Amino acid sequence: MSTQTTDLLDRIQDPETGREILDPATGERVGFAPQATAEDLDAAVARALAAQPGWAASGEDTRRQALHAAADAVEAHAEELARLLSREQGKPLNGPNARFEVGACAAWLRTTADLTLEPEVIVDDESGRAIMHYRPLGVVGAIGPWNWPMMISIWQIAPSLRMGNTVVIKPSGYTPLSVLALVEVLNSALPADVLLAVPGRGDIGDRLSRHPDVAKIMFTGSTETGKSIVKAASDTMKRMTMELGGNDAGIVLEDADPRALAEGIFWGAFINTGQTCAALKRLYVPDAIYDEVCEALIEVAKTMPMGIGLEEQNVLGPLQNRAQWEIVDRLVRAAKDSGARVLLGGDPDQEAAGNFYPTTLVADIDPQNPLVIEEQFGPALPIIRYTDLDQAVEWANALDEALGSSVWSADPARAVEVAARLVAGTTWINKHGAVDPRIPFGGARESGFGMEFGVAGLKEVAQPHVISQ
Ligand code: NDP
């Protein structure tokens, strides 16, 4: 075990009654995750509820400063947090992975701290004056996934606190230690009880979603669980933000330069070893440049080492859990069985200690193949050939998921025209999945509802209150 993470880990784990957490790259023990009971959850909500009025009354400047102080604390512990995250989640320290994720936590805290949501003057004329104010909601319940456990927690925590809410967060049962460590660090800079973590599995998440003293649920995870939470939370008419699964399409236009775009497409698809909600999960390429795009992607992919996260040279890691490995393996098998052409990877070492699945590129695949139409959430990219752009747009828009999408072209104006025809929360041009704390992000269709980030994100954790005179 790395000594750098020991102190923080000692403070958050529970070797007596906790659940053992294993490193997905090596199978070695990382630590023991405490398990909250229903009573623990109720007690946490009660504390958050009691703390909320004082936090709301503390004022904008106090909350801004507290979020900056929390960012300072994250930066002071950045290497410890990154190493723990790497060992528990599996992602390498380097590349757009663990150190990047911890850096993003600080960046989101700071940008969110500095946002301003002013009251809006709706009407001001001889008929009267109506002003819309944004008040805190109360206690926000946050439920998160295992792929970007720290960053997504911050996406839920930072705007909620900034608006004067308090937060009770339930981390994924796969990556609780990362979130508990982050919360421990944040709380070194925050007042008591404005942020409480309740580690547990789905039953604790369900109880949080039903809790009468929770005003809002912010959820990031699968569409299936999202639907269950919507039902559970509706009895108490909670506000909700749902960031759910995606199966993002990328469309390459005929004028694109394959070599210039290959690295961007690679990272759009393989960031976090493909375990990213808004990763590029199906790539549509015109016949005229199909072979060049495939060649360029193979060349880039071959230069990206995969391995144990703590080894500095690696930029791709294992799947976080075996269940996700099985999904990727099943989908790649389905592609192979259908006669699709595996350009790279596709043949995992079944005996390996960790959940490693090799970087896999699959060409000449039917547009309706399961590897295309089901979210693989791992390092396997189907590359679909098209001859007619209208057909590619139709395929891109055909699924229930509609989180992100991208258009790749040497002519940005033409790319924007194609982008306007796509159904998605975000369409990127010549990049994919590039989130920014200032730019609203959210899903269409079954990828969810509600926006995160920027002023739009603040509004989602606020109660509009119109005063009309
Ligand atoms: P899950 O939906 O399985 O789990 C997400 C969280 O919900 C976990 O903390 C889980 O707890 C909890 N949970 C499970 N059941 C319930 C319930 N009935 N009520 C309340 N909470 C519950 O997703 P994963 O963590 O497995 O993440 C993978 C999936 O999430 C992928 O499909 C991916 O597309 C999607 N995702 C979407 C993102 C987005 O921004 N749109 C970002 C990241 C992932 P526990 O695991 O401990 O049981």
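Treat the numbers as computed from the prediction; the structure is a model and nothing was measured. Just so you know, ligand 1 is whichever comes first in the structure, and atom 1 is the first atom listed for that ligand.
When hydrogens are left out, the protein atom nearest atom 44 (C) of ligand 1 is N147 ND2, 3.5 Å; that is the closest non-hydrogen contact. Remark: minimum distance from atom 13 (N) of ligand 1 to any protein heavy atom is reached at T225 CG2, 3.6 Å. With hydrogens left out, the protein atom closest to atom 19 (N) of ligand 1 is D206 N, 3.4 Å, a heavy atom.
For ligand 1, the polar-atom distance check against S209 finds no nitrogen or oxygen pair separated by under 3.5 Å. In terms of polar-atom proximity, defined here as any N/O pair under 3.5 Å, T220 makes no such contact with ligand 1. The shortest N/O to N/O separation between G202 and ligand 1 falls below 3.5 Å.
Side chains of S178 and E88: a donor-acceptor N/O pair is present below 3.5 angstrom, by distance only.
By heavy-atom distance, the residue among P145, G144, G221 lying nearest atom 8 (C) of ligand 1 is G144. Heavy-atom proximity to atom 32 (O) of ligand 1, evaluated over E375, R207, M242, is greatest for E375. The closest heavy-atom contact to atom 20 (C) of ligand 1, among the options G442, A33, G205, comes from G205.
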Would you please test E75 and R110 for salt bridge (charged side-chain N to carboxylate O under 4.0 Å, His left out) and show each step? CA-CA 11 Å; E75 282 165 356; R110 292 197 193 285; 2.8 Å; yes

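Ligand 1 lies less than 4.0 angstrom from a heavy atom belonging to G200.
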